[in-house]
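These numbers were taken from a predicted model, which means no experiment stands behind them.
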Amino acid sequence: MHLLSLLIFTPILVGLLALFIPSRFVNTFRIISLGVSIAQIIILIQILFQYQYTAGFQLAEKLPWISLDLGSIGLLQAEYFVALDGLSLSMVALSVGIFLIAIISSWTIEKNRKGYFILLLILNGAIIGSFCALDFLLFYVFFEFMLLPMYFLIGIWGGAKREYASIKFFLYTLLGSILILIVIVALYLSFQTPESGERIVHTFNVLSMYNMENLIPNSLLSLDSTNVLGPYSFRLWAFLLLLIGFMIKLPAVPLHTWLPDAHVEAPTPISVILAALLLKFGGYGLLRFAY
């Protein structure tokens with residue numbers, strides 16, 4: 001397994017394996033989580049030594065994931081495609097450091113330690129996976145996968161109004177996710193792989209989407225498209241949907257009202273993760289996808 005995959009899936013796999021450890025071994029879950037975090041620090045150091053700071057995307061890992069024949073629509077292809085550039089490397093390094101701090105500061109958690117640390121490990125892998133993903137569908141899966149652990153971590157281990165705060169957090173982020181998903185579908189219908197022949201092969205590859213030569217002529221989001229909805233073209237609407245979706249995560253006024261409740265009610269280590277990492281997805285998404 002390559003370094004990026006090790007960084008992403010080690011906490012997820014260890015978290016799933018920890019499900020089979022009896023709950024009475026309460027200290028085991030803290031030690032396992034700390035061990036995983038230290039292992040990630042070691043992997044990150046290896047990545048930093050291998051990374052060439054004058055190049056673009058590096059340490060790429062690409063594997064087939066989904067391939068479906070959709071008849072007249074064409075072929076749907078999604079890949080397990082992860083890599084790092086300067087933007088994502090800084091976010092990954094931040095994530096590894098923050099999770100080490102969060103695990104150490106969670107040492108005093110007494111309530112259902114097993115569930116708490118398993119959710120923390122799964123959240124760890126999902127956040128790092130989101131920062132590394134260069135397939136838009138893969139990013140979306142990781143992005144959604146990290147919302148559920150955060151919802152339960154606030155809703156179970158939070159303060160007096162934890163249920164209200166967790167539901168509000170979930171509903172706001174669900175709205176943002178729906179808007180982003182609409183654009184993902186539109187991009188899928190508008191782009192093809194560079195290798196497409198007579199039959200169109202659609203792609204979720206973000207790097208292919210950066211290249212306007214891969215736009216399908218007269219598609220939903222093509223540059224020469226005459227598709228309009230109200231005063232704006234479909235391309236501008238797609239940008240606005242991404243803008244709103246990631247502004248909810250940022251969060252920016254007037255889409256910010258979920259944040260004070262989540263911060264106040266979340267346990268301290270989770271509040272640290274929320275401030276230091278989850279809010280960064282707003283800016284990251286705007287730079288990586290919307291811009």
Side-chain angles (χ1 to χ4, degrees), residues 87-88 90-91 94-95 98 102 119 123 126-131 133 136-137 139-188 190 206 209 220-221 225 227-291:
L87 177 62
S88 50
S90 61
M91 292 294 98
L94 177 67
S95 302
I98 290 297
L119 288 172
L123 179 64
I127 286 178
I128 294 176
S130 297
F131 283 131
F136 214 157
L137 185 62
F139 166 83
Y140 190 77
V141 170
F142 278 128
F143 185 74
E144 293 302 300
F145 203 50
M146 74 182 179
L147 299 180
L148 290 175
M150 182 60 71
Y151 168 78
F152 288 114
L153 286 165
I154 297 173
I156 297 175
W157 288 272
K161 297 181 180 179
R162 57 185 180 272
E163 293 181 3
Y164 169 77
S166 61
I167 291 172
K168 191 174 183 180
F169 163 78
F170 184 79
L171 291 177
Y172 267 81
T173 52
L174 178 63
L175 172 62
S177 298
I178 292 171
L179 299 180
I180 294 169
L181 181 60
I182 293 171
V183 180
I184 291 176
V185 173
L187 286 167
Y188 154 76
S190 302
V206 175
M209 291 177 180
L220 280 173
L221 302 181
S225 174
N227 295 316
V228 294
L229 181 61
Y232 303 127
S233 67
F234 278 13
R235 282 183 64 83
L236 184 53
W237 277 116
F239 172 78
L240 292 175
L241 291 180
L242 283 180
L243 180 66
I244 296 170
F246 287 118
M247 279 175 63
I248 292 174
K249 291 298 295 178
L250 198 55
V253 177
L255 306 169
H256 66 294
T257 58
W258 63 269
L259 182 62
D261 296 298
H263 261 311
V264 170
E265 300 303 328
T268 301
I270 306 307
S271 186
V272 170
I273 293 172
L274 182 63
L277 298 179
L278 261 72
L279 304 189
K280 302 297 185 291
F281 274 100
Y284 177 82
L286 289 172
L287 290 172
R288 177 70 77 213
F289 303 110
Y291 177 71

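Put simply, CD1 on Ile127 and OG on Ser95 are 6.0 Å apart, with the number rounded to the nearest 0.5 Å. Distance check, rounded to the nearest 0.5 Å: CG of Leu147 to CE of Met150 gives 8.5 Å. Taking CD1 from Ile182 and OG from Ser177, the interatomic distance works out to 11.0 Å, rounded to the nearest 0.5 Å. Here the straight-line distance linking atom CG of Leu243 with atom CG of Leu236 works out to 10.0 Å at 0.5 Å rounding. Taken from CG in Leu221 to CZ in Phe234, the straight-line distance is 8.5 Å, to the nearest 0.5 Å.
Heavy-atom minimum distance, Tyr188 versus Met209: N-CE, 4.5 Å. Listed here is the closest heavy atom pair of Phe136 and Leu187: CE1-CD1, 3.4 Å. When all heavy atoms of Pro267 and Gly158 are compared, the pair lying nearest together is CD-CA, 3.8 Å.
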Practice prompt. Show the numbers, then the answer: is there a side chain to side chain contact (heavy atoms under 4.5 Å, CB included) between Leu94 and Met91?
Written response: CA-CA 5 Å; Leu94 177 67; Met91 292 294 98; 4.3 Å; yes
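Tyr151 is linked by a ring-ring contact (aromatic ring centres under 6.0 Å, His included) to Phe170, counting only residues two or more places apart in sequence or in another chain. Take Phe142 and apply the side chain to side chain contact (heavy atoms under 4.5 Å, CB included) test, not counting sequence neighbours, and it matches Ile8, Phe9, Ser130, Ala133, Leu138. Not counting sequence neighbours, the partners of Tyr232 by the ring-ring contact (aromatic ring centres under 6.0 Å, His included) test are Trp237.
Here the options are Ile180, Leu181, Leu179, the test is side chain to side chain contact (heavy atoms under 4.5 Å, CB included), and the partner is Leu241; only Leu179 passes.
Side chain of Glu265 to backbone of Ser166: no donor-acceptor contact under 3.5 angstrom is found.
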Considering only distance and modelled atom types, tabulate donor-acceptor pairs under 3.5 Å from the side chains of residues 249-260, sequence neighbours left out.
from, atom 1, to, atom 2, distance (Å)
Thr257, OG1, Tyr172, OH, 2.5
Trp258, NE1, Ile248, O, 2.9

Going by atom type alone, with no hydrogens or angles, which donor-acceptor pairs under 3.5 Å involve a side-chain atom of residues 269-291 and a protein atom two or more places apart or on another chain?
from, atom 1, to, atom 2, distance (Å)
Ser271, OG, His263, ND1, 2.8
Lys280, NZ, Ala275, O, 3.1
Lys280, NZ, Ala276, O, 3.3
Tyr284, OH, Phe131, O, 2.9
Tyr284, OH, Arg288, NE, 3.1
Tyr284, OH, Arg288, NH2, 3.4
Arg288, NH1, Asp85, OD2, 3.0
Arg288, NH2, Asp85, OD1, 2.8
Arg288, NH2, Asp85, OD2, 3.3

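Every pair passing salt bridge (charged side-chain N to carboxylate O under 4.0 Å, His left out) that includes a residue from residues 151-172 is listed here, sequence neighbours excluded: Lys168-Asp261.
By the neighbour-count criterion of 12 heavy atoms within 6.0 Å, atom CZ of Phe145 is sparsely surrounded, having that number or fewer from other residues, nucleotides or ligands.
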